[in-house]
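No experiment lies behind these values; they were computed from the predicted model shown. Atoms within each ligand, like the ligands themselves, are counted from 1 in listed order. Side-chain atoms are counted along with the backbone in the values below, which use heavy atoms only and exclude waters and symmetry mates.
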Amino acid sequence: MAAARWDHSRRMWQGASFTWDLWYGCDYHCPYCWFEMDPVWDLLAKEHEGIPIERWLQAWRRIGERHGTASIDVVGGEPLRYPGVLDLLGGLAQWHRLEVVTNLSVPLEFLEDLTARVSPERMHLSGSFHHESADWEDFLRKIVFLKSRGYEPEVAMVAWPPHMGLIQEKKAILGRMHIPASILVFQGVFQGRDYPRSYTDAEREQLGGLVSPREREYRMHERRTLARPCGAGHVHAHVRANGDVLRCGKDSQYSRRMGNLLEADFALHSSPQPCPYPYCNACGEHVYLWEDWTKKAASTGWPLVEDSGSHHAAARSD
Ligand code: SF4
């Protein structure tokens, strides 16, 4: 297998990738958060009691031995509020590349500790800005700090209907600072209306210029995916806070699992499998649809690696 590597300019990773719900604790209560809308935070926190850091490190080391260096999106809840997270991320960075998605509510001193332990070659941070809970100036200060340390931070915001004007304004500010910002389509219910179906024409037009074409195609316009071969489960998987592994975020809506990361024999599928769902509108994982993925991999000029049964090649991008 070609050495897994990260290309900052194209934001693509060659190697297996995982999205990991480290835990279900968060210090914010955003009205558009899936867990708030349902509301299931307490239930999830009880069902997924903390797993000792040593067990996680053992499991991720095994993944490294079986599938090579992976890119792990560490999400939550708020991952940087997880007890002992500095030891956990410092340990993981021995084998894997980390993509931490954080609301940046931790103090600046905490970020100084984190960046002293894990270098930009091994970690990338995305700040999710939440208008109702966070202070914009404080958030920006932390983004600027991370940029000055070489972490190339990005910012994500949710296109919740009452925030449409604000996100456009903030995205323009970030653009002037050369900080990439991505806008996530809101999925859920607002004022009794189901989104994204209920965006008005004006909002759709506004979003058209803010979200990526793929995001529009699969999440807003719900392009069909049923039976199309998909690399989710083969080159990418979603890990829950109890170690259960799902092919993708959509599996969590249907309570399907492909194994548990903490089991010694867990491995990714050895080939792409048909998508079992009509739409891929959960977590932007449509990038793993095999036809698109192979085109994307080919466009990088990197060799496509044949599956040897133990190693995979994957590419990811927004
Ligand atoms: S197309 Fe989307 S919903 Fe279907 S398996 Fe792939 S990631 Fe999951």
At a 4.0 Å threshold, what atoms of ligand 1 neighbour a non-hydrogen atom of [X]?
X: Tyr277; value: 3 (S)
X: Leu289; value: 1 (S)
X: Lys250; value: 3 (S)

Reference residue Met123; test side-chain contact (heavy atoms from CB on, under 4.5 Å); the match among Val100, Leu146, Val74: Val100
Ring center gap for Trp290 and His234 short of 6.0 angstrom: yes
Aromatic ring proximity, centroids under 6.0 angstrom, Phe139 and His130: no
Give the residue and atom name of whichever protein heavy atom lies nearest to [atom], and the separation in Å to one decimal.
atom: atom 8 (Fe) of ligand 1; value: Cys248 SG, 2.3 Å
atom: atom 4 (Fe) of ligand 1; value: Cys275 SG, 2.3 Å
atom: atom 6 (Fe) of ligand 1; value: Cys230 SG, 2.3 Å

Heteroatom N/O/S of Cys280 within less than 2.8 Å of atom 2 (Fe) of ligand 1: yes
His286 N/O/S atom closer than 2.8 Å to atom 8 (Fe) of ligand 1: no
Residue pair Leu111, Leu104: steps toward the side-chain contact (heavy atoms from CB on, under 4.5 Å) verdict: CA-CA 9 Å; Leu111 294 177; Leu104 285 177; 3.9 Å; yes
Minimal non-hydrogen separation, Pro196 against Val185, with atom names: CB-CG1, 3.6 Å
Partner of Thr102 under side-chain hydrogen bond (donor to acceptor under 3.5 Å, both in side chains), chosen from Arg81, Lys142, Glu78: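 Of the listed residues Arg81, Lys142, Glu78, the side-chain hydrogen bond (donor to acceptor under 3.5 Å, both in side chains) partner of Thr102 is Glu78.
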